[in-house]
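Below is one structure, written out as structure tokens; comments come after it.
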Amino acid sequence: MQIGMIGLGRMGANMVRRLLRDGHECIVYDINPASVAALVVEGATGSTSPEDFVARLKKPACAWLMLPAALTGTNVDRLSALMTSGDIIIDGGNSHYHDAVDKAAQLHSKGINYIDVGTSGGVWGLERGYCLMIGGPEAAVQHLDPVFATLAPGKDAGAAASSEGLRTAHLGYLHCGPSGAGHFVKMVHNGIEYGMMAAYAEGMNILKAANSGNEKREADAETSPLQTPEYYKFDIDMAAVSEVWRHGSVISSWLLDLTADALKRDPGLSAYSGRVSDSGEGRWTLKAAIDTGVPVPVLSSALFQRFSSQGESEFGDKLLSAMRFAFGGHHEKPKGNV
């Protein structure tokens with residue numbers, strides 16, 4: 001079937017490629033003409049403006065946006081002004097689910113269907129497929145089923161035999177409920193992702209410190225002593241450990257696969273500064289947990305660690321140092337010292 005795609009970044013472009021491979025007709029638009037041209041070479045139909053984009057769509061027009069959350073609302077408004085009753089707008093980015101609920105209500109009065117699709121798969125989705133968490137009106141979701149089926153991973157050898165009754169979940173896509181439900185499920189998915197990533201990172205950091213007993217440690221009033229250095233003399237090969245955990249371990253996962261690959265390529269992770277961004281989903285997950293009274297200590301800790309990595313703890317750390325100096329005359333040790 002025909003589908004339009006606006007936003008040809010890392011995920012949007014590869015989603016178009018996956019759709020083209022399965023015989024779908026793709027109309028594409030991006031503010032970067034080079035991104036459009038690259039996909040035209042591969043079989044997509046390019047457009048030069050939102051107006052040109054909508055004009056090329058057959059009725060009912062189906063337009064999928066893969067844009068940052070901060071840009072989605074404005075582009076939905078511009079696009080919807082060019083569309084008519086029965087058309088469909090799909091937001092596949094990481095927008096707040098509140099926005100999906102509000103936009104769906106706003107567009108309903110015009111007869112335009114608004115579908116929110118939480119999309120997971122990253123830069124690997126072209127080959128692996130994309131896990132799709134869908135919210136919106138049933139009829140519009142059903143109309144787009146061929147597109148969802150192509151983008152999703154499909155049934156794999158590890159799929160549970162008891163997938164009956166789960167509709168399309170075992171294929172990697174699911175209509176989760178009315179407008180907003182797709183982004184709500186994806187929001188929580190990303191909150192869980194924060195926690196899983198933090199657990200792997202903290203565990204590997206302990207392995208890195210397992211050789212502390214063999215390292216020179218300052219003996220002064222400003223340094224906590226290592227009381228039992230004899231128990232910390234293990235030179236752990238973290239790349240090898242992450243690899244063995246991938247095989248038969250209860251903590252194996254795709255995230256661990258990626259961790260093992262990163263450590264194999266760069267054991268000291270010298271290419272990274274350690275600043276970890278958060279694009280909003282973790283914050284929204286915590287807000288939902290607070291609103292509904294659900295305790296999430298792991299997810300909240302993971303989010304606050306990201307804030308710390310971004311330098312947001314710097315002033316607080318300086319204040320701790322200032323207080324320590326004020327009451328005890330403790331001078332700061334240079335960073336990097338144990």
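In what follows, residues are counted from 1 in the order of the sequence shown.
A donor-acceptor pair shorter than 3.5 Å cannot be found between the side chains of K110 and S80. With 3.5 Å as the limit, one finds no donor-acceptor pair spanning the side chains of S95 and D99. R78 and N75 share no side-chain donor-acceptor pair at under 3.5 Å. With hydrogens and angles left out, the side-chain atoms of D52 and S49 include no donor and acceptor closer than 3.5 Å. Donor-acceptor pairing under 3.5 Å is recorded for the side chains of K59 and T84.
No more than 12 heavy atoms of other residues, nucleotides or ligands sit less than 6.0 Å from atom CD1 of I31. Within 6.0 Å of the CZ atom in R275, the count of heavy atoms belonging to other residues, nucleotides or ligands exceeds 12. More than 12 heavy-atom neighbours from other residues, nucleotides or ligands sit within 6.0 angstrom of CD on Q106. Residue K208 places its NZ atom among 12 or fewer non-hydrogen atoms of other residues, nucleotides or ligands, all under 6.0 Å distant. Taking a 6.0 Å sphere around NE2 of H108, one finds it holds 12 or fewer heavy atoms contributed by other residues, nucleotides or ligands. In E230, the CD atom is crowded: over 12 heavy atoms of neighbouring residues, nucleotides or ligands sit closer than 6.0 Å. Heavy-atom contacts from other residues, nucleotides or ligands closer than 6.0 Å to OH of Y231 number 12 or fewer.
In the hydrophobic cluster analysis, where Ile, Leu, Val, Met, Phe, Trp and Tyr join through side-chain heavy atoms closer than 4.5 angstrom, L8 is grouped together with L20. A chain of hydrophobic side-chain contacts below 4.5 Å, direct or via other Ile, Leu, Val, Met, Phe, Trp or Tyr residues, connects Y272 to Y200. Transitive grouping of hydrophobic side chains (ILVMFWY, heavy atoms separated by less than 4.5 Å) brings L256 and M197 into a common cluster. Hydrophobic clustering, with ILVMFWY side chains joined whenever heavy atoms are under 4.5 angstrom apart, keeps L132 apart from Y97. Note: the hydrophobic cluster containing Y130 also contains L39 (ILVMFWY, side chain heavy atoms under 4.5 Å, direct or indirect links).
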Next item on the list: Apply the test side-chain contact (heavy atoms from CB on, under 4.5 Å) to residues L263 and L269: give CA-CA distance (whole Å), side-chain angles for both, the deciding distance (0.1 Å), then the verdict.
Entry: CA-CA 7 Å; L263 289 170; L269 302 179; 4.1 Å; yes

Next item on the list: Evaluate the criterion salt bridge (Lys or Arg N to Asp or Glu O under 4.0 Å) for residue pair E127 and R21; output intermediate values, then yes/no.
Entry: CA-CA 11 Å; E127 302 301 331; R21 287 181 182 181; 3.3 Å; yes

Margin query: What verdict does the side-chain contact (heavy atoms from CB on, under 4.5 Å) test give for K333 and E218, after you've listed the backbone C-alpha separation in whole Å, the side-chain angles of each residue and the deciding distance to 0.1 Å?
Written below: CA-CA 11 Å; K333 297 191 68 171; E218 297 291 337; 3.4 Å; yes

Next item on the list: Start with the C-alpha gap between D278 and Q310, add the side-chain angles, then the distance that decides, and say whether side-chain contact (heavy atoms from CB on, under 4.5 Å) holds.
Entry: CA-CA 9 Å; D278 71 290; Q310 296 164 22; 2.9 Å; yes

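No side-chain heavy atom of L303 sits less than 4.5 Å from a side-chain heavy atom of L299. Looking at heavy atoms from C-beta onward, N94 lies in side-chain contact with K186 at the 4.5 angstrom threshold. Using a 4.5 Å cut-off on side-chain heavy atoms (C-beta onward), S179 and P137 make contact. With contacts defined as side-chain heavy-atom distances shorter than 4.5 Å, the pair L286/R283 does not qualify. The closest side-chain heavy-atom distance from H183 to D91 is below 4.5 Å. At least one side-chain heavy atom of M1 sits less than 4.5 Å from a side-chain heavy atom of H143. Put simply, the side chain of N211 does not reach to within 4.5 Å of the side chain of I236, judged on heavy atoms. Between V76 and L107 there is a side-chain heavy-atom pair separated by less than 4.5 Å.
At least one donor-acceptor pair closer than 3.5 Å links the side chain of D87 to the backbone N or O of A61. Checking side-chain atoms of D30 against main-chain N and O of V36 turns up no donor-acceptor pair under 3.5 Å. Panel note: side chain Q305, backbone A198; no donor-acceptor pair is recorded below 3.5 Å. Distance alone, capped at 3.5 Å, places no donor-acceptor pair between the T223 side chain and the A219 backbone. The backbone N or O of V28 lies less than 3.5 Å from no partner atom in the side chain of R56, so there is not a single donor-acceptor pair. When atom types are taken as modelled, the side chain of S301 and the backbone of P297 share no donor-acceptor pair closer than 3.5 angstrom. T119 places a side-chain N or O within 3.5 Å of a backbone atom of V117 that can act as its donor or acceptor partner. Within the 3.5 Å criterion, the main-chain N or O of P146 finds a donor-acceptor partner in the side chain of T150. A donor-acceptor contact shorter than 3.5 Å is absent between the side chain of N190 and the backbone of E281. With hydrogens and angles ignored, the 3.5 Å screen pairs no side-chain donor or acceptor of H331 with any backbone N or O of F325.
Rounded to the nearest 0.5 Å, atoms OG (S242) and CE (M204) are 5.0 Å apart. Atom CG of L144 is separated from atom CD1 of I3 by 5.5 Å, given to the nearest 0.5 angstrom. Going from atom OG of S85 over to atom CG of N113 covers 8.0 Å, rounded to the nearest 0.5 Å. Atom CD1 in I89 sits 8.5 Å away from atom CD1 in I6 (nearest 0.5 Å). In this structure, CD on E243 lies 11.5 Å from OG1 on T259, to the nearest 0.5 angstrom. L319 CG to E314 CD: the interatomic distance, rounded to the nearest 0.5 Å, is 12.5 Å.
Across T72 and L67, no two heavy atoms sit closer than the pair OG1-O, 3.5 Å. In plain terms, the two heavy atoms of C62 and Q2 that are nearest each other are CB-O, 4.4 Å. The heavy-atom pair separating G213 from K233 by the smallest distance is O-CE, 3.7 Å. The nearest pair of heavy atoms linking V298 to G195 is CG1-CA, 4.3 Å. The minimum heavy-atom distance between L174 and A169, with the atom names listed, is CD1-CB, 4.2 Å. Residues F53 and A63 come closest through the heavy atom pair CE2-CB, 3.7 Å.
Test D145, V147, V141, L151 against Y173 for side chain to side chain contact (heavy atoms under 4.5 Å, CB included) and you get one pass: D145. The one candidate from K264, R246, R128 that meets the salt bridge (Lys or Arg N to Asp or Glu O under 4.0 Å) condition with D257 is R246.
Cation-pi geometry between R306 and Y194 is satisfied (NZ or CZ under 6.0 Å from the ring centre, within 45° of the ring normal).
Between R324 and E222 there is a salt bridge, with a side-chain nitrogen of the basic residue lying less than 4.0 Å from a carboxylate oxygen of the acidic one. Under a 4.0 Å N-O distance rule, the pair R18/D22 does not qualify as a salt bridge.
Between F148 and W64, the ring planes lie perpendicular to each other; the angle is over 60°, past the 30° to 60° tilted range. Ring planes of W254 and W124: perpendicular class, angle over 60° (limits at 30 and 60°). Below 30°, between 30° and 60°, or above 60°: for H96 and W284 the angle between ring planes is between 30° and 60°, a tilted geometry.
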